[in-house]
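Just so it is clear, the model here is predicted, and its values are computed rather than measured.
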Amino acid sequence: MASSPAKVELRELGNTGLKLSCVGFGASPFGNVFGQVSDDDAITSVREAFRLGINYFDTSPYYGGTLSEKVLGKALKAVGVPRHEYIVSTKCGRYIDGFDFSADRVTRSIDESLARLQLDYVDILQCHDIEFGSLDQVVNETIPALQKLKEAGKIRFLGITGLPLEIFTYVLDRVPPGIVDVILSYCHYSINDSTLEDLLPYLKSKGVGIITASPLAMGLLTESGPPSWHPASPELKSACQAAAAYCKEKGKNISKLAMQYSLSNKDISSVLVGMNSVRQVEENVAAALDLETAGKDEETLSELEAILKPVKNQTWPSGIQQR
């Protein structure tokens, strides 16, 4: 009889009572935003994710113009895991045709998302990339609309996402405590940019759950390098390329090290990473399991941080990125 595989750690998400897998399954690739993904590949990758203990899946109507939600919904149904055993988050306010954080649009949005996902509710609904809208509208109109969806049982918890870190303090300082359950930050807790760390005590004091995404800095921390649309400066791209080359010379994988760097902070409940194949699921879970047993590769990480020091925490303007 085959032994059960090792599974990734579960972490509590703020005050929600939810326990998320420390590796989160980012389903944006199901929207074909990084190349074609067949339904079969989506189903087998979701099945493998469950087998290895991943219980958190994230999508948005923006990814692939609703395709990601449809494919994720199809995969979850095909795999057939009981609904209470997994956590799904989707988003509202950002769509393929633009941004709309009005109460009417986000209210319609959740019904559309639930139909595509083939679910009765989502665990988390997040306002998507709120820096592109009016933050005051998000505070005064969008979040109250999401509270009504919570009361109606269509969502269990609500959150906000975006790139600039100051959007989180702006909103959280203007809503009553306990209203916003979770924030999703991206590209601010990785080897090249760890500025989210400064915000963690504040977020914890608010009882807000913390999810981070893009541990590979949208492709900067990979051997193949970022996509052509990546908004980083030439200096940052060059430094990350040098860091990747250094790792390869040492027989190390920069993407695995980057994933472990993001996973190592237990104040972060889950690290979301886009996945579209069984191989990617297995690699990300292996990085998490190796971190648990062997710890971080402090020596190589310190060498990488030395290479990246001239561009450390060099962010880029918030732009229209796929992620």
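- Evaluation of the side-chain contact (heavy atoms from CB on, under 4.5 Å) rule for N15 yields no partner, not counting sequence neighbours.
- Taking 4.0 Å as the cut-off between side-chain N and carboxylate O, D290 and K256 count as a salt-bridged pair.
- In summary, K150 and D181 engage in a salt bridge, as defined by a charged side-chain N under 4.0 Å from a carboxylate O.
- Taking E283 as the reference, R279 meet the salt bridge (Lys or Arg N to Asp or Glu O under 4.0 Å) condition, with sequence neighbours excluded.
- When the side-chain hydrogen bond (donor to acceptor under 3.5 Å, both in side chains) test is applied to R105, the partners found at least two apart in sequence or on another chain are E112.
- N140 contributes a side-chain N or O that, together with a main-chain N or O of D136, makes up a donor-acceptor pair within less than 3.5 Å.
- For the pair S134 (side chain) and Q137 (backbone), a donor-acceptor distance under 3.5 Å is present.
- Remark: D120 CG is loosely packed, at most 12 non-hydrogen atoms of other residues, nucleotides or ligands lying under 6.0 Å away.
- Applying the salt bridge (Lys or Arg N to Asp or Glu O under 4.0 Å) test to K70 and every residue at least two apart in sequence or in another chain returns nothing.
- For residues 204-220, the salt bridge (Lys or Arg N to Asp or Glu O under 4.0 Å) pairs, not counting sequence neighbours, are D173-K206, K204-D267.
- Atom NZ of K250 is surrounded by more than 12 heavy atoms from other residues, nucleotides or ligands within 6.0 Å.
- Residues S102 and D100 have side chains that bring a donor and an acceptor to within less than 3.5 angstrom of each other.
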task = Check the pair F50 / F57 against ring-ring contact (aromatic ring centres under 6.0 Å, His included), numbers first and verdict last.
result = CA-CA 10 Å; F50 278 123; F57 299 83; 5.0 Å; yes

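- Note that R83 lies in the cation-pi zone of Y121, set by a 6.0 Å cut-off to the ring centre and a 45° limit from the axis.
- Counting heavy atoms of neighbouring residues, nucleotides and ligands inside a 6.0 Å radius, atom CD of E305 exceeds 12 of them.
- With Y95 contributing its side chain and G93 its backbone, the two residues share a donor-acceptor pair below 3.5 Å.
- Applying the salt bridge (Lys or Arg N to Asp or Glu O under 4.0 Å) test to R47 and every residue at least two apart in sequence or in another chain returns nothing.
- No hydrogens or angles considered: a donor-acceptor pair under 3.5 Å links the side chains of S89 and D58.
- Counting non-hydrogen atoms of other residues, nucleotides and ligands closer than 6.0 Å to NZ of K19 gives a total of 12 or fewer.
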